[in-house]
Amino acid sequence: MRRYGKYIKPYWKSFVLCPILMLTEVAGEVVLPAFMANIINVGAAQRNVPYIIGTGLVMLLTALVMMAGGIGGAYFAARAAISFAADLRSDLFCKIQKFSFQNIDRFSTGSLVTRLTNDITQVQNVITMGLKLMLRAPGMLIGAVIMAFVMNAELAMILLIIIPVLAAAIGTVIFIAFPRFEIVQKKIDAVNSRIQEMLTNIRIIKSFVRDEFETEKFAIANEELKQSGLSAFKVVILNMPIMMLAMNITTLAVVWVGGRQVLAGTMPVGDLTAFTTYIVQVLMSLMMLAMVLLQSSRAVASLKRITEILDTEIDLTDEEACRKDAVITRGDVEFRNVSFSYFKDGREGREKVLSDISFHIKAGETVGIIGSTGCGKTSLVQLIPRLYDTDTGEVCVDGVNVKDYSLQHLRDSVSMVLQKNVLFSGTIEENLRWGDENADRETIMAAASAAQAADFIASFPKQYETNLSQGGVNVSGGQKQRLCIARALLKQPKILILDDSTSAVDTATEAEIRKSFSSSLKEATKIIIAQRITSVMDADQIIVMEEGRIVGMGSHEEMLAQCSAYREIYESQMDKEVGA
């Protein structure tokens, strides 16, 4: 828990003032029954109206002080808990932002969302409740027990029987409920994952008419959450009936024994009334403590999940980089005996995705990479900006191992247009500014023109101020690809990677995009992954891959003469074009 002290320190005044202010309520609750006893024993018995009025005014003043303390305590509790949660959520988000792809692969999207929202809310709630009851519940318990013994030690002995019994019952409930709450949080992960996947792929679901299938999958996840929630709360709901049963039995015992003492004349009626109130206070304080402990059991499960994120070691950093100040100036790329696999801890899928890859791309060259689906093309280029790290071998840029650059400098010099084109909610201009946030409108328009996006942008009523929905779902696939290319061009990178990023545009538009590279990115290294052989035929070099290995490398003419795999792809695609 020491690590969480930094979230308390900035708001320590709220963390201190809340319990102190709540003590005013404790003091009032302890003395009010005594005042009431005096009104009955003295004022009512002697028919002393001034005494009754005076004591009543004191009770009213006490109640007002209690109210002020309660309001102040509640305010500082909320302020402390909300601030704690906000800072923790911010750090958790920043930690996830630093995750490598390898780290993210360990957690589902739904799980990360749950930890950032529901889990932190659970912690926030227990802090709020804990601060309000931290001193109030124990203070009321101690104060009421003392007053009960002072008033009637013999009658107060009943408490020595009931308190241990209740403590044992509450402890048993918490012991059984804790592991069940851990399961509940995991089931919330599953539900969030299902919702996230459904919303992300809603158009695919509708186009394949799979609404009922997805509804059934969600129903299963929802039912599992329901059952795990019921399993946990079936235990929790025992708490209140146990407390009420104990309260009623204790009250009956007090009234029975105390009533006999009143009849015997050894105990005033007012004392019995006050004593009954103190018994209720003792049991209520135990109930409040039980609520805090039960809430804490769920919060501890959530805190464990939060700590798991914070303790996750980021496996891809630049802490050991020896040339952090180095800047990429040319864009020369070299792979030296590189092998790579996604799973490195003995889990299923340990087989290599890339095996013994070696090649050299000179700065400014255009290189095409072609091969069958799943041969490792995307995995290959992801090693250049260190989205993943190699298992063995080296990836060098400008003769320097990419691990020796700072991640900032390395990734600032590389632009990637991925297979899955992603745009964000906001205007077209805001999306393009991801490439250069300081670019002026003229520069933005030039990048859009180079990516063959200017014409369709101009056709929108608001043009560059057109709002895009989340993921860019209100533009076509080809338009989305061209916007992503424009965003990459605006970055003016030393290395541009296009990962099958023109598959949704026609061949003529694609040719115009490639042609624009000669002017807009003349000195940059261009790496083009493609399925269409026409996309790479004019490249300076063509790399042909099969099953994670390079089976050919050279110009188009050289590949036709030397590489049977390339020749087969060429002949099959050219035959189709001729036939069409």
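For the single chain, residues carry numbers from 1 onward in sequence order.
- Side-chain atoms of Gln227 do not come within 3.5 Å of backbone N or O of Glu224 as any donor-acceptor pair.
- Residue Glu547 qualifies as open at atom CD: its count of foreign heavy atoms under 6.0 Å is 12 or below.
- Ser415 places a side-chain N or O within 3.5 Å of a backbone atom of Ala488 that can act as its donor or acceptor partner.
- A donor-acceptor pair under 3.5 Å links the side-chain atoms of Ser339 to the main chain of Asp356, judged by distance alone.
- Although no hydrogens or angles enter the test, the distance criterion places a donor-acceptor pair under 3.5 Å between the side chain of Lys491 and the main chain of Val414.
- Heavy atoms of other residues, nucleotides or ligands lying less than 6.0 angstrom from NZ of Lys13 number 12 at most.
- In terms of the side-chain hydrogen bond (donor to acceptor under 3.5 Å, both in side chains) criterion, residue partners of Glu308 (sequence neighbours excluded) are, by chain and number, Arg115.
- Remark: aromatic rings of Phe340 and Tyr388 are close, center separation under 6.0 Å.
- For the atom pair CD (Gln122) and CD1 (Ile127), the distance works out to 12.0 Å, reported to the nearest 0.5 Å.
- A donor-acceptor pair under 3.5 Å is formed between the side chain of Arg411 and the backbone N or O of Pro385.
- Other residues, nucleotides and ligands contribute over 12 non-hydrogen atoms within 6.0 Å of the NZ atom of Lys95.
- Atom NZ of Lys98 sits in a sparse spot, with 12 or fewer heavy atoms from other residues, nucleotides or ligands closer than 6.0 Å.
- Panel note: side chain Thr117, backbone Val113; a donor-acceptor pair is recorded below 3.5 Å.
- Considering every non-hydrogen atom in both Gly376 and Leu354, the closest pair reads O-CD2, 3.5 Å.
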Donor-acceptor contacts under 3.5 Å from residues 159-181 side chains, at least two apart:
from, atom 1, to, atom 2, distance (Å)
Thr172, OG1, Ala168, O, 2.9
Arg180, NH1, Ser231, O, 2.7
Arg180, NH1, Ser231, OG, 3.1

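- The closest donor-acceptor contact from the side chain of Arg487 to the backbone of Trp434 lies at 3.5 Å or more, if one exists at all.
- For Ser228 (side chain) and Leu225 (main-chain N/O), a donor-acceptor pair under 3.5 Å exists by modelled atom type.
- Closest approach of Gly73 and Met22 over heavy atoms only: CA-SD, 3.7 Å.
- Side chain of Ser372 to backbone of Cys375: no donor-acceptor contact under 3.5 angstrom is found.
- Atom NZ of Lys377 has more than 12 neighbouring heavy atoms from other residues, nucleotides or ligands inside a 6.0 Å radius.
- Results of the side-chain contact (heavy atoms from CB on, under 4.5 Å) test with Ile369 over Thr378, Leu380, Asp499, Ile497 single out Leu380 as the only residue that passes.
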